[in-house]
Amino acid sequence: MADNETPIVEAPRDFIRDIVDADLKSGKHKSVVTRFPPEPNGYLHIGHAKSICLNFGLAEEFGGHCNLRFDDTNPAKEAQEYIDSIKADVRWLGFDWGKNLFHASDYFEQLYIWAEDLIRAGKAYVDDSTPDEVHAMRGTLTEPGKESAYRNRSVEQNLDLFRRMRAGEFPNGKCTLRAKIDMGSGNINLRDPILYRILHDEHPRTGKTWCIYPNYDFAHGQSDSIEGVTHSICTLEFEDHKPLYEWFLDNLPVPSRPRQYEFARLNIGYTVLSKRFLNQLVTEKRVSGWDDPRMPTLAALRRRGVPPEALKDFVRRVGVARANSVVDMQLFDFTVREFLNKHAQRRMGVLRPLKVVIENYPEGQVEELEAVNHPDDAALGTRKIPFAREIYVEQEDFMENPPKKFFRLSPGTEVRLRYAYFIKCREAVKNAAGEVIELRCTYDPATRGGNAPDGRKVKATLHWVPAAQSLPAEVRIYNPLFSRPDPGAGGSDLLADMNPNSLELLKDARLEPALADAKPGEVIQFERQGYFCTDPDSKPGALVFNRTVGLRDSYAKA
RNA sequence: UGGGGCGUCGCCAAGUGGUAAGGCAGCGGAUUUUGAUUCCGCCAUACGGAGGUUCGAAUCCUCCCGCCCCAGCCA
């Protein structure tokens, strides 16, 4: 692409940006501070990309900063592997948290002090109820809860018990620290929420320092406040937690007053964005790993060849709003194709080869034909492709008894071989089973390069590779992981909704020789097929390519 | 039947009292050595429904309908 072709993309507008804009203009805040707060209990997926782009994007657009903060308050589920992958994924997307890397665990001591403050103020108590009792006394959606028998312990006793919880005197589940709010609230989060639970688990960062850990509600808002976060942006399901979020800010001597805003999480047709479920797929080995290219994780999209620029553009096009929605996968495919069409070099690869013998082409002769690397960007140069008597074309480019609108090869028709010659099919050779295994064709030497001096036209141009000089390769085609647009809908089993044909392995593909030099991560268009990149499994002599996305195909659709 | 949200074209999504942006998808057509790309054109008398206020409503009021979230010592 020419350097001067920097696309001018309009800054997105949405209700959150409007709020930030207004807060800055009114002087409520002099700069914006956001945060992306993942829990390191799995890999990031495309839904997180929306949050990352929103939070980091806001900081960039309004000249503030965005913290990367790990919400690591549950050592039972969290691991270093996830911390590492999350950092790699955020960087891959092109965002930089600079010095602003934090962890909820950085604040464990401060949170503990604040918990004691609450106890001293008579606003928190240690509850010895069992988990079952807590559950039973919480009430239901329509009935109020009941107050715990331990609710009115003295401040001294609560302090003593809480300190002993911290000291490790009690086993997991023996007791909890609860806020004393309102067991009759219609908002269940306000029915004396649990603040601390006992967890004798090793924490990825604090090791064995703690055996009591704060819950999300007791950690999140205070962490935002400590960091001076101005706009704490989360998804809709946390809206019910906002009164609690504010209750802590109101009742604790916190250093700043962040405000929470909620937006609708991203959903995409034919896919599931749930860390819990993705974790299950990995654990049960239904996919090859978190980066199996069929997964919606950022690691998988990267491996599949999706450029981060395309992902960001996708998120921009989806927008930010408060209405639950399911975005068409076609929009995602579109953004990927749009970027790749502009940037990917062109090559030829035959996915399902059919041998073609050009009977009037001299035996043993090989010539080099020139091909352009990008039809719209001459600066990307050209390459040579060897042409010989035996070549391969795509099986689907031949039909013995073609329907009306089939422009490709069939007995008697003439087509162009891209960058090469016109060829005419004389005969289809079949095996005992009646399958076409070879085409006998003739070529017109006068059409070298692809144009006929007599001006005659052909209706199709086919891609091809030379038989002897092409490279064998395995090509992996990825289809949606689910066979229905709304997997799991109506309570159906997610596993049962999985697409049995999500992975197609084409082990006999043949690629033009120049593809031996394909660099890892470089995405290339196989003309008339789609965009592909080498997989980490690829080795010289045993090439493996992933299909990032196919080309639009108006013929196949018709 | 408690609390909190949301309902604008097949899918997203602007619009916040002045007479329905845009994108994807779809459909025509032009160009094309990728049935790709590119380019032109078409695509909501209508904003969940019913009333009401107003000169005027998707935008305000009332009632109704539908969908989503909440009863983890998960986040």
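Throughout, a chain's letter reflects where its sequence line sits, starting with A, and its residues are numbered from 1.
- Of the candidates B/A25, B/C12, B/C73, the closest approach to any side-chain atom of A/S325 belongs to B/C12.
- Distance from the side chain of A/E239 is smallest for B/G4 among the nucleotides B/G4, B/U37, B/A75.
- Counting distance only, with no hydrogens placed and no angle test, the side-chain atoms of A/Q525 and the base atoms of B/U34 include a donor-acceptor pair under 3.5 Å.
- Comparing B/G26, B/U34, B/C69 against the side chain of A/R552 picks out B/G26 as the nearest.
- In this structure, B/C73 forms no base pair with any nucleotide, since neither Watson-Crick nor G-U wobble geometry is met with both distances under 3.5 Å.
- Glycosidic conformation of B/G72 is syn; the angle stays within 90° of 0.
- For A/N41, no side-chain nitrogen or oxygen approaches OP1 or OP2 of B/A75 to under 4.0 Å.
- Cation-pi check for A/R166 over A/Y112 is met; the charged atom lies under 6.0 angstrom from the ring centroid and within 45 degrees of its normal.
- The partner of B/U62 is B/A50, by the rule that a Watson-Crick or G-U pair needs both atom distances under 3.5 Å.
- Between A/F545 and A/C533, the closest side-chain pair of non-hydrogen atoms is not below 4.5 Å.
- For A/D18, counting side-chain heavy atoms from C-beta on, the closest listed nucleotide (B/A14, B/G15, B/G3) is B/G15.
- Nucleotide B/G35 holds its C1' atom 17 Å from the NZ atom of A/K457, rounded to whole Å.
- Phosphate proximity of B/G3 to A/S185: absent, as no side-chain N or O sits under 4.0 Å from OP1 or OP2.
- Place A/D397 and A/A323 on RNA chain B by their nearest nucleotides, and A/A323 ends up nearer the 5' end.
- Using a 4.0 Å cut-off, some side-chain N or O of A/K557 falls inside it from OP1 or OP2 of B/G26.
- Regarding contacts with the backbone of B/C73, a side-chain N or O of A/R138 is found under 4.0 angstrom from either OP1 or OP2.
- Residue A/L409 contributes atom CG, which lies 13 Å from atom P of B/G35 at whole-angstrom precision.
- The phosphate of B/G35 (OP1 or OP2) has a side-chain N or O of A/R528 nearer than 4.0 angstrom.
- Applying the 4.0 Å criterion to OP1 and OP2 of B/C73, one finds that A/T130 has every side-chain N and O outside that range.
- The partner of B/C67 is B/G5, judged by Watson-Crick or G-U wobble contacts that both fall below 3.5 Å.
- For A/T142, taking side-chain heavy atoms from C-beta onward, the closest of the listed nucleotides B/G10, B/C73, B/U1 is B/U1.
- In summary, A/D106 and A/R205 engage in a salt bridge, as defined by a charged side-chain N under 4.0 Å from a carboxylate O.
- Side chain A/N187 to base B/G4: no donor-acceptor pair is found below 3.5 Å.
- Here the nucleotide nearest the side chain of A/I188, chosen from B/G23, B/A71, B/A14, is B/A71.
- B/G2 atom P lies 18 Å from atom CG of A/N189, rounded to whole Å.
- In this model, a side-chain donor or acceptor of A/R346 finds a partner on the base of B/U34 within 3.5 Å.
- Atom P of nucleotide B/U16 and atom CZ of A/R13 are separated by 14 Å, given to the nearest angstrom.
- Scored by the salt bridge (Lys or Arg N to Asp or Glu O under 4.0 Å) test, A/R346 finds no partners at all (sequence neighbours excluded).
- Between B/G5 and A/R322, no contact under 4.0 Å exists linking OP1 or OP2 to a side-chain N or O.
- Pairing for B/A44 is absent, with no Watson-Crick or G-U wobble pair whose two atom distances lie under 3.5 Å.
- Annotation: side chain of A/D444 is in contact with side chain of A/R456 (closest heavy-atom distance under 4.5 Å).
- For B/G35, the base is stacked against the aromatic ring of A/Y555, per a cut-off of 5.5 Å between centres and 30° between planes.
- Contact annotation: side chain of A/H241 to base of B/A75, donor-acceptor pair present below 3.5 Å.
- When both distances must be under 3.5 Å, the Watson-Crick or G-U wobble mate of B/U34 does not exist.
- Side-chain atoms of A/Q525 and A/Y531 include a donor-acceptor pair closer than 3.5 Å.
- Using atom P as the reference point in both B/C61 and B/A25, the two lie 38 Å apart (nearest Å).
- Of the candidate nucleotides B/C68, B/C70, B/A36, B/C70 has the atom lying nearest to any side-chain atom of A/D240.
- Rounded to a whole Å, the OH atom of A/Y261 is 17 Å from the C1' atom of B/G5.
- Heavy-atom neighbours of A/K424 NZ from other residues, nucleotides or ligands within 6.0 Å: at or below the threshold of 12.
- Pairing partner, B/C24: B/G10, with both Watson-Crick or wobble hydrogen-bond distances short of 3.5 Å.
- The residue among A/Q330 and A/R197 whose nearest nucleotide of RNA chain B is located toward the 5' end is A/Q330.
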